[in-house]
Amino acid sequence: MSDVLTPDICVIGAGSGGLTVAAAAAAFGVSVVLIEGGKMGGDCLNYGCVPSKAMIAAAKTAHSMRHAEKFGIKAVEPEVNFRRVHDHVHDVIGAIAPNDSVERFTALGVRVIEAHGTFTDARTVEAGGHTIKARRFVVATGSRAFVPPIPGLDQVDYLTNETLFEQTRKPGHLIVVGGGPIGMEMAQAHRRLGSEVTVIEAMKALGKDDPELVSIVLDRIRDDGVEMMEETKVVSVEKRGKNGVRVTVEHDGEQSHVDGTHILVATGRAPNTENLGLDAAGIAHDRRGITVTDALRTTNKRVYAIGDVAGGLQFTHVAGYHAGLVIQSILFRVPGKPNNDMIPWATYTDPELAHVGLTEEQAHQKAGDITILRWPYAENDRAQAERKTDGLVKMITDKKGRILGASIAGANAGEMINIFALALSKKMKAGDLRGFIAPYPTMTEITKRAATSFAAPMTRKPMVRRIIGFLRRFG
Ligand SMILES: Cc1cc2nc3c(=O)[nH]c(=O)nc-3n(C[C@H](O)[C@H](O)[C@H](O)COP(=O)(O)OP(=O)(O)OC[C@H]3O[C@@H](n4cnc5c(N)ncnc54)[C@H](O)[C@@H]3O)c2cc1C
């Protein structure tokens, strides 16, 4: 017979969201059971952010070696040992894994059950021979690669983010199906590590980002030698020879073939809602994920859903943000509503692409009269020194200067977007971004210059011109 556990909180899924809830609850001395059916750390640590960024770092190193000449250093074609790149990637995972481990969470006071969890009724979960009847449940089961029903795909050994980082041999020709952030990051990284790469995207690559900035990124990716096939549909997939794969595609009504050695499916994500007993627990869900209220509650009032499985923006920092709101709601009875308007995101291609707030199109619709401020990387001394001049900061304000959104394509965009994320969360105006002092030479100065340009039309006003003239003479 199974033992019955009655914690305050039971968390299903020990990824970015679930671990954050468990650690925070334990810190407040609340009893927590944490259930994980796969690897502790979830997608981000094992199959997502961490291995992808480690691989990108290796690829950047190879790229720098090829392009060292512009710094006066002899360029060399790097000898990439793909097995050792694989080892580097897994070494990085290994270095971070202790933070997410059973041992660490047990030491924090969390009861960890390493098994698959399933609701058996509205207030009970079964996992690994235990029956858990908690005051509140948090479902944080994440997502997995969505595999589209392409004829023949199931007949080939296609790769997803769960198998890609297990490769110890360099793919000869990697065909990436899907030109979203995951597809584009991995396409560029593999190209720089020496594979031939073709990306097939049914619509536009990186289609959720601002096209003006996307074009900067795609130009570089094409320059790296990635073959981009946009507005191209995959019709079918078949085996070719012993180890090859042939993809039949259609563009403008015409069919052609792409032959490769490996195929990576990066066509979006599917929520992990299967075998969870959601129906037994009265938890509504659809193909996007679990249905949640503004306060992340499911249709079963005892149960919350957070992170990728809640069907919204699918990022690690969003799962962490949700976790904080749910903790606030369960422990302090202060329901919090996620504000998606201030959630930034970044794609770690080279150059990087990052965004927060409203896009130009959304801002036009919501605010009508808007101002768009742009500042190119080429005008920044640090970008010149590092020869990273491809890039643009684009900032959108309302007519009073209140910041509505920002996008950046360029080196360190993922770091630089933080200043705009702070500005949006504090409802700042362009003037606030002019008013701080940035050390010279840093790329953050670009954000300041973009903000400063908001005041530029003012200098054309007669009164302002008189003051400027006065200051010039006597200042
Ligand atoms: C290649 C790739 C790169 C990415 N890069 C980034 C990035 O750079 N930045 C970023 O912010 N995001 C990135 N992401 C997205 C990020 O990984 C996810 O948004 C994040 O992991 C979601 O966290 P989560 O807690 O919702 O789910 P997860 O981290 O996936 O955790 C869910 C856990 O639940 C477990 N589970 C599922 N069902 C059950 C069950 N019934 N019982 C018990 N356990 C169960 C799973 O095994 C898993 O461990 C990337 C994703 C991929 C695939």
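All ligand and atom numbering here is 1-based and tracks the order in the structure. Fair warning: this is a prediction, and the values are worked out from it, not measured in the lab.
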Pairs of nitrogen or oxygen atoms closer than 3.5 Å, one from G37 and one from ligand 1: do any exist?
yes

Would you check whether D43 has a nitrogen or oxygen atom less than 3.5 angstrom from a nitrogen or oxygen atom of ligand 1?
yes

task = Report yes if H317 has an N/O atom closer than 3.5 Å to an N/O atom of ligand 1; otherwise report no.
result = yes

Exercise. Please confirm whether P51 comes under 4.0 Å of ligand 1, counting heavy atoms of the residue only.
Key: no

| request: Using non-hydrogen atoms of the residue, decide whether R269 is closer than 4.0 angstrom to ligand 1. | output: yes

**Item:** Backbone N/O of R302 and side chain of R136: donor-acceptor pair under 3.5 Å
**Value:** no

Practice problem: Assess the pair Y321 and F315: is the distance between their ring centroids shorter than 6.0 Å? | Solution: no

When you measure from the side chain of T232 to the backbone N and O of E230, does any donor-acceptor pair fall under 3.5 Å? yes

of all protein heavy atoms, closest to atom 53 (C) of ligand 1 is N161 ND2, 3.2 Å

Per-atom filter on ligand 1: closer than 4.0 angstrom to a heavy atom of S52 are 3 (C)

So the atoms of ligand 1 within less than 4.0 Å of a heavy atom of I12 turn out to be 40 (C), 42 (N), 43 (C)

So the atoms of ligand 1 within less than 4.0 Å of a heavy atom of A115 turn out to be 43 (C)

**OP:** Would you check whether F315 has a nitrogen or oxygen atom less than 3.5 angstrom from a nitrogen or oxygen atom of ligand 1?
**Re:** yes

In this structure, atom 34 (O) of ligand 1 is nearest to the protein heavy atom G13 CA, 3.2 Å

Does Q188 reach the main-chain N or O of D350 with its side chain, forming a donor-acceptor pair under 3.5 Å? yes

With nothing but distance in play, are any N or O atoms of G17 less than 3.5 Å from an N or O of ligand 1? yes

Result for side-chain contact (heavy atoms from CB on, under 4.5 Å) between L174 and one of Q167, H190, M186 points to H190

min-distance protein heavy atom vs atom 26 (O) of ligand 1 -> D308 N, 2.9 Å

Test item: E352 side-chain N/O and G414 main-chain N/O as donor-acceptor pair under 3.5 Å
yes

Check whether any N or O atom of G117, backbone or side chain, sits under 3.5 Å from an N or O atom of ligand 1, and answer yes or no.
yes

Using a 3.5 Å distance criterion without hydrogens, assess whether the side chain of T299 forms a donor-acceptor pair with backbone atoms of G282.
yes

Of all protein heavy atoms, the one nearest atom 39 (C) of ligand 1 is T141 CG2, 3.5 Å

So the atoms of ligand 1 within less than 4.0 Å of a heavy atom of A319 turn out to be 23 (O)

If you scan protein heavy atoms around atom 3 (C) of ligand 1, the nearest is G48 C, 3.4 Å

- Quick one: does K53 get within less than 4.0 Å of ligand 1, heavy atoms only? yes

For Q314, the atoms of ligand 1 under 4.0 Å from one of its heavy atoms are 15 (C), 19 (O)

Looking only at protein heavy atoms, what sits closest to atom 9 (N) of ligand 1 is C49 SG, 4.0 Å

For G142, the atoms of ligand 1 under 4.0 Å from one of its heavy atoms are 26 (O), 27 (O), 30 (O), 32 (C)

Whether N272 side chain and T141 backbone form a donor-acceptor pair below 3.5 Å: yes

| With distance as the sole test, does R66 use its side chain to make a donor-acceptor pair with the main-chain N or O of T61 at under 3.5 Å? | no

Below 4.5 Å, heavy atoms only, C-beta onward: do I221 and T349 meet side chain to side chain?
yes

Closest to atom 49 (O) of ligand 1 among protein heavy atoms sits E36 OE1, 2.7 Å

**N or O pair under 3.5 Å between E185 and ligand 1** = no

(Q) Does any N or O of ligand 1 fall below 3.5 Å from an N or O anywhere on Y348, backbone included? (A) no

task: Ignoring hydrogens and angles, tell me if any N or O in the side chain of R104 forms a donor-acceptor pair with the backbone of N99 under 3.5 Å.
output: yes

Heavy-atom donor-acceptor pair, N300 side chain to A122 backbone, under 3.5 Å: yes

Ligand 1 to K39, heavy atom cutoff 4.0 Å, flagged ligand atoms 49 (O)

- Go through the steps for V356 and W345 under the test side chain to side chain contact (heavy atoms under 4.5 Å, CB included), then give the verdict. CA-CA 7 Å; V356 66; W345 66 75; over 6 Å; no

* To do: Check the side chains of T131 and E126 for a donor-acceptor pair under 3.5 angstrom, ignoring hydrogens and angles.
  => yes

Ranked by distance from atom 10 (C) of ligand 1, the top protein heavy atom is T316 N, 3.5 Å

For G42, the atoms of ligand 1 under 4.0 Å from one of its heavy atoms are 29 (O), 31 (O), 48 (C), 49 (O)

Nearest heavy-atom contact between I396 and A363 is CG2-CB, 3.6 Å

| When you measure from the side chain of T124 to the backbone N and O of D121, does any donor-acceptor pair fall under 3.5 Å? | no

Among E114, R144, H116, M40, closest by heavy atom to atom 40 (C) of ligand 1 is H116

